Amino acid sequence: MSFLLPTYSRYGVKFVSGKGPYLYDENGKEYLDFLSGIGVNIFGYAYSPLVEKLKTLAEKPWHLSNYFQIDSQEELAGEIVRSLFPAKVFFSNSGAEANEAAIKFARLYGKKRKNGAYKILVAENSFHGRTLATVSATGQEKVQKGFDPLCPGFEFFKFNDLASLLDRVSEEVVAVMVEPIQGEGGVIPAEVDFLYNLRQETRKRGILLILDEVQTGVGRTGDLYAFQGYGVQPDIFTSAKALAGGLPIGATIVHEEISDVVTPGVHGSTFGGNPLVTGVALEVIRRVKDPEFLAGVREKGEYLRDKLLQLKMKFSFVEEVRGRGLMWGILLKIKCGEIVQRALERGLIVNCTAERVVRLLPPLIVEKGEIDRAVSIIEELFREIEED
Ligand SMILES: Cc1ncc(COP(=O)(O)O)c(C=O)c1O
């Protein structure tokens, strides 16, 4: 009997330790982790620079009220913003909270600067979180079902279809919110033209562009943030998941030009930006920002992509291979739940999203030999399926 509410259906495996990209269960069996706690553990497990940093911070105050100055919070905000564009940061504890703050800040902007405009255009098949506002912004029926009446003020357009978006533009629209790559929706990258033209059109109309980089951010796509690779600058973007290497964090980054709509008392979080988490996150972001590290992600990403494209050539039930950097989806013509279970039995952790997409989010420290190993396990499984 479990005392936990059954919000998850869980696998029967229990992990008790980890090192690098490997996890070990209670029987000592080794698993190669190509999911990283859903894009969180970018340095794998027991990464000594992070462990040492955490040990040092453990002796200091873990938590301080946000009524006081917190140096690591200031430094982390600077570290995120400095190479991007002039901006200010709000820290919270998760991706949903980071998006919730982005939604609230956009509404404040609408009230103060855009005649009360409040609508936010969001994409079909998107995922922005599990709070009521972010569920309302999520373009997936299965996520929204059972929770109406939903939060008003969101309208949906077809992802990668600018005409469908422009059809919904009105004086009431304050912002557009999209993921550069739809992660939960099945690893679907925004087309370069779509995102570029979206930026042009929103700028022309004084509509804010909010990018949800919760899954794509912090090096995952081979840039610090995916929008850099697209050559597009948002007005607001959000970051979470990998930002503190496995500790809970959310960040909402707001362009300096609009940041004055946020004033004391309009938003807050007890734990957001605490010294323990932001101290570890500082260590994470400094390492990820290293151009050599990012070049390594791009190189290994291309290596993985080539291997996956080879799989596509070999198996007719592989429909498409898509992604960027070290974020990949293998779209199948069949459901993939069973494949994930069988992969786990072989010691490989992957995930199935949008029913037919095997999603790969290895830690960014993964090595080519480990990529070889993961792909050869997937190939074995695909061969078995073909024979079934
Ligand atoms: C793009 C995106 N936004 C928001 C979220 C929600 O993040 P969290 O689960 O940390 O609230 C996720 C989580 O998968 C995500 O992928």
Side-chain angles (χ1 to χ4, degrees), residues 7-8 34-42 90-106 120-140 142-144 147 151 154 156 159-160 175-190 195 209-221 223 225-227 229-230 234 236-253 269 271-274 277 281 284 322-329 349-355 357 359-361:
T7 49
Y8 301 96
F34 262 49
L35 183 59
S36 312
I38 320 188
V40 170
N41 303 316
I42 51 174
F90 173 79
F91 288 112
S92 52
N93 314 286
S94 67
E97 279 178 77
N99 288 336
E100 186 87 21
I103 292 164
K104 285 180 72 179
F105 298 160
I120 299 180
L121 303 183
V122 281
E124 289 174 8
N125 197 48
S126 58
F127 185 82
H128 296 297
R130 298 284 191 166
T131 62
L132 194 55
T134 56
V135 158
S136 307
T138 288
Q140 298 190 40
K142 65 171 196 251
V143 176
Q144 296 187 332
F147 298 111
C151 183
F154 297 100
F156 291 90
F159 190 55
N160 277 330
V176 174
M177 179 157 82
V178 280
E179 296 154 88
I181 302 176
Q182 289 189 330
E184 301 308 299
V187 194
I188 306 175
L195 212 53
L209 175 61
I210 304 172
L211 292 180
D212 177 346
E213 291 254 15
V214 166
Q215 195 161 142
T216 49
V218 200
R220 174 58 59 189
T221 64
D223 286 292
Y225 287 96
F227 65 76
Y230 279 93
I236 299 177
F237 72 95
T238 55
S239 187
K241 285 195 185 277
L243 185 54
L247 294 178
I249 190 167
T252 307
I253 298 94
S269 162
F271 287 122
N274 70 67
V277 172
V284 169
R322 57 199 185 198
R324 204 174 182 128
L326 284 170
M327 175 172 185
W328 288 93
I349 305 170
V350 292
N351 145 266
C352 172
T353 187
E355 286 195 341
V357 180
R359 178 171 47 169
L360 309 179
L361 296 167

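Whatever order the structure lists ligands and atoms in, that order sets their numbers, starting from 1. Owing to the predicted nature of the structure, the values given are computational and were not obtained by experimental measurement.
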**Study point:** Any residue meeting side-chain hydrogen bond (donor to acceptor under 3.5 Å, both in side chains) with Q140, in chain and number order, not counting sequence neighbours
**Key:** K142
Exercise for review: Quick one: list whatever passes side-chain hydrogen bond (donor to acceptor under 3.5 Å, both in side chains) with N99, sequence neighbours left out.
Suggested key: D212, T238
Check your understanding: Which protein residues have a heavy atom under 4.0 Å from ligand 1?
Key -> S94, G95, A96, N99, F127, H128, G129, E179, E184, D212, V214, Q215, K241
**Study point:** Flag for S239-Y225: side-chain donor and acceptor within less than 3.5 Å
**Key:** yes
Exercise for review: For the pair E184 and R359, find out whether any cationic side-chain nitrogen is under 4.0 Å from an anionic carboxylate oxygen.
Suggested key: yes
**Study point:** Partner residues of R322 under the salt bridge (Lys or Arg N to Asp or Glu O under 4.0 Å) criterion, sequence neighbours left out
**Key:** E320
**Study point:** Polar side-chain atom of K241 near backbone of I38 as donor-acceptor pair, under 3.5 Å
**Key:** yes
